[in-house]
Amino acid sequence: MAALLISLAPPQFGRLSHFGRHDPAGGPYHGPKSVVRGSALSLAISDRLKSIREQTNVALRTAVKVVAEGATPLLAEAIAYSLFAPGKRLRPALTVMAAEACGGAGAAALTAGCAVEMVHTYSLIHDDLPAMDDDDLRRGLPTSHVKFGEALAILAGDALLTGAFQVLAEGYPPRTAAVGCAELARGAGAAGMVDGQVRDLAAEGRIAGLPTPRTLDELEGIHLRKTGALFRTSVRLGTIVALAEHDRGRLAEVLPMLDEYARCFGLAFQITDDLLDVEGHADQTGKRTGKDAGRGKMTFPGLVGVAASRTRLTELHGQAAAAVEPLGAAARPLIELAKYLTDRDR
Ligand code: GRG
């Protein structure tokens, strides 16, 4: 088992490519709201996303019942409040689609998708706390600490994080469960999402004693960890569910393709998020917008401008598609999802 865990470990987050040029028209942008542009392709993928979202919600109800069995009702309420607030369920969608791209059954990957969604929801609760991003609106609702107070919000997040590992451990055969738990810990932990959060808070001067990042490479390094690590975990869990029990050779072959897809997907997602902060509205996004500029936060459009950010999005989508192209038609939904999300409006 140890050998398998080591051989499947993802490469370290490396230094990344540049936009290459600065948009001379950069700076504050006051253009029109972004909208999801309708097309046959985007409609098809949006239907697929909706279907996975609904299945995820059903599976999450079961998962939470198990995890919160016997919990104080108020704690169970706080957990459900954040988990069932209207999220896009992108991470479970990635897990399901990655499993299918490797010839596995999407339905079997849904439990792993729920585990990632629980970790994601914990991260949002904690990120919104006064000690971190200090937000009062999330998924269109008052944030957990606003509704339940800081102590219960922290603990609801803790319960979601630990519960995610229970869901994985109890949901799969031993090898898949062990490899999956290690994968989730790696993506969520000190070398993944938590490290990204530390770097991001340091960049805002909220953690003392760390250098302030200034370059595009450093910005991408933050986002590859803060949001990208969990996207990578999502696709890796899908492939692990599909292949870890019976075809480890194939698993080792496809993981680098999915890693590269997730790297591009994560950066494209973050650039879109930054653009929405500039161009979007809270009633559309379900969270406060315009915060980044107000705090002097380093963002993609702030650093290279809106036009270059959009060029970079197109480039990343091409790279994401190329990465999984060898998987053939089964990877088509992953490619469509990446495109759809760069056109999103929330
Ligand atoms: C607290 C350890 C710790 C980490 C927090 C992910 C994260 C790290 C913070 C979220 C902050 C944030 C708003 C980042 C921008 C990109 C992002 C992850 C947005 C939220 O993800 P979506 O759009 O949200 O998938 P929904 O609500 O649809 O699930």
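Both counts, for ligands and for their atoms, begin at 1 and track the order of listing. Just the heavy atoms: all of them, side chains too, but no hydrogens, waters or symmetry mates, feed the values below. Since we're looking at a predicted model, the values are computed, not measured.
- Residue Gln197 touches ligand 1 through its side chain alone, judged by heavy-atom distances below 4.0 Å.
- Every atom of ligand 1 with a heavy atom of Thr227 under 4.0 Å away is listed here by number and element: 16 (C), 17 (C), 18 (C).
- Side chains of Glu183 and Thr233: no donor on one and acceptor on the other come within 3.5 Å.
- Under a 4.0 Å criterion applied to the non-hydrogen atoms of Phe269, ligand 1 contributes the atoms 16 (C), 17 (C), 21 (O), 22 (P), 23 (O), 25 (O).
- With sequence neighbours left out, the ring-ring contact (aromatic ring centres under 6.0 Å, His included) criterion links Phe265 to Phe231, Tyr261.
- No option in Gln55, Arg48, Arg53, Glu54 other than Gln55 meets the side chain to side chain donor-acceptor pair (under 3.5 Å) test with Ser51.
- At under 3.5 Å, a nitrogen or oxygen of Arg91, whether backbone or side chain, sits near a nitrogen or oxygen of ligand 1.
- Residue-to-ligand polar distances place Lys88 within reach of ligand 1: an N/O pair is separated by less than 3.5 Å.
- One finds a salt bridge joining Glu315 and Arg312 here, because a Lys/Arg side-chain nitrogen approaches an Asp/Glu carboxylate oxygen to under 4.0 Å.
- At a 4.0 Å heavy-atom cut-off, ligand 1 touches Leu124 through the side chain alone.
- Side-chain contact check for Gln166 and Thr162: no donor-acceptor pair (N or O, by modelled atom type) lies under 3.5 Å.
- Look at Arg89 and you'll find every heavy atom at least 4.0 Å from all atoms of ligand 1.
- Backbone and side-chain nitrogen or oxygen atoms of Gln270 are examined, and none is located within less than 3.5 angstrom of a nitrogen or oxygen of ligand 1.
- Leu141 is not listed as a side-chain neighbour of Val146, based on a closest heavy-atom distance of 4.5 Å or more.
- Of the polar atoms of Arg139, at least one N or O is found under 3.5 Å from an N or O of ligand 1, judged by distance alone.
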